[in-house]
Participant: 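Structure provided below as structure tokens; questions to follow.
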Amino acid sequence: MPDLRCTVQTCTHNQNYYCNLDSIVVGGNSAKKAAETSCDSFEARKGGSAYADAYSNMEGKEASAKSSVACKATECMYNKACQCHAGKISVEGGNACHCGETECATFKCGCA
């Protein structure tokens with residue numbers, strides 16, 4: 001499992017820059033660059049400020065640096081059998097309102 005860091009503080013799963021999901025899905029079937037990927041597991045925080053409770057335990061589960069990462073970005077050099085095999089990945093998108101505003105910043109095109 002990759003070491004997963006996340007800067008998307010508007011996501012309900014983000015706790016202290018870690019994800020409280022055991023697994024996430026990175027989208028981007030035909031991606032050739034990071035901006036064409038997304039965190040398909042993104043869910044916008046409900047109610048109040050986007051940053052409300054950003055550092056609290058929202059789901060009753062502790063966030064972890066390790067998550068399983070299913071990857072639809074078939075051109076990524078770290079994608080093997082639709083699983084991410086990078087040592088560390090970073091999901092970015094600071095103030096995202098939907099998954100299309102997020103990206104896997106670790107994506108590297110393995111295409112020729």
Participant: To the nearest 0.5 Å, how far apart are CG in Asn14 and CG in Asn20?
Facilitator: 8.5 Å
Participant: Can you measure from NE2 (His13) to SG (Cys39) and round to the nearest 0.5 angstrom?
Facilitator: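 The SG atom of Cys39 is 8.0 Å from NE2 of His13, to the nearest 0.5 Å.
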Participant: What distance do Arg45 atom CZ and Cys11 atom SG have between them, rounded to the nearest 0.5 Å?
Facilitator: 7.0 Å
Participant: Among all residues two or more places apart in sequence or in another chain, which pass the salt bridge (charged side-chain N to carboxylate O under 4.0 Å, His left out) test with Lys108?
Facilitator: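 Scan of Lys108 (salt bridge (charged side-chain N to carboxylate O under 4.0 Å, His left out), adjacent residues dropped) gives none.
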Participant: Rounded to the nearest 0.5 Å, how far does CD1 of Ile89 lie from CZ of Arg5?
Facilitator: 12.0 Å
Participant: Using the side-chain contact (heavy atoms from CB on, under 4.5 Å) rule, take Ile24 and Cys19 through it: C-alpha gap first, then chi angles, then the decisive distance, then the call.
Facilitator: CA-CA 9 Å; Ile24 67 165; Cys19 186; 3.8 Å; yes
Participant: With sequence neighbours excluded, tell me which residues meet salt bridge (charged side-chain N to carboxylate O under 4.0 Å, His left out) with Asp40.
Facilitator: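 For Asp40 the salt bridge (charged side-chain N to carboxylate O under 4.0 Å, His left out) partners, ignoring immediate neighbours, are Lys72.
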Participant: Mind listing the closest non-hydrogen atom pair of Lys88 and Thr106 along with its distance?
Facilitator: O-CG2, 3.4 Å
Participant: Could you check whether any side-chain heavy atom of Val69 comes within less than 4.5 Å of a side-chain heavy atom of His85, counting everything from C-beta outward?
Facilitator: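 Sidechains of His85 and Val69: no contact.
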Participant: Looking at SG of Cys6 and CG of Asn16, how far apart are the two atoms once the value is rounded to the nearest 0.5 Å?
Facilitator: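 Rounded to the nearest 0.5 Å, the SG-CG separation comes to 11.5 Å.
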Participant: Which atom pairs, one a donor and one an acceptor, fall under 3.5 Å between side chains of residues 77-84 and the rest of the protein, sequence neighbours left out?
Facilitator:
unit_1: Asn79; atom_1: OD1; unit_2: Cys82; atom_2: N; d: 2.9
unit_1: Asn79; atom_1: ND2; unit_2: Cys71; atom_2: O; d: 3.0
unit_1: Asn79; atom_1: ND2; unit_2: Ala73; atom_2: O; d: 3.1

Participant: Any side-chain heavy atom of Thr74 within less than 4.5 Å of one from Asn29?
Facilitator: no
Participant: Measure across Ala31 and Phe107 and return the closest heavy-atom pair with its distance rounded to 0.1 Å.
Facilitator: O-CZ, 3.5 Å
Participant: Check whether any side-chain heavy atom of Val8 sits under 4.5 Å from a side-chain heavy atom of Thr10, and report yes or no.
Facilitator: yes
Participant: Between Cys104 and Thr37, which heavy-atom pair has the shortest distance, and what is it?
Facilitator: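 It is N-OG1, 2.8 Å.
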Participant: Assess whether atom NZ of Lys33 is packed by more than 12 heavy atoms of other residues, nucleotides or ligands within 6.0 Å.
Facilitator: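 Atom NZ in Lys33 is not crowded, with 12 or fewer foreign heavy atoms closer than 6.0 Å.
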Participant: Between Gln9 and Tyr17, is there a side-chain heavy-atom distance shorter than 4.5 Å?
Facilitator: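 A side-chain contact under 4.5 Å exists here.
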Participant: Shortest non-hydrogen contact from Val91 to Leu4?
Facilitator: CG2-CD1, 3.8 Å
Participant: Run the side-chain hydrogen bond (donor to acceptor under 3.5 Å, both in side chains) test against Glu101 and tell me which residues pass, sequence neighbours left out.
Facilitator: none
Participant: Do you know the tightest heavy-atom contact between Cys99 and Phe42?
Facilitator: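 Taking Cys99 first and Phe42 second, the nearest heavy atoms are N-CD2, 3.5 Å.
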Participant: Taking all heavy atoms of Ala86 and all of Pro2, pick out the closest pair and write down the distance.
Facilitator: O-CB, 3.3 Å
Participant: For Ser41, check side-chain hydrogen bond (donor to acceptor under 3.5 Å, both in side chains) against everything at least two apart and list the hits.
Facilitator: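 Listed in chain order: nothing, the list is empty.
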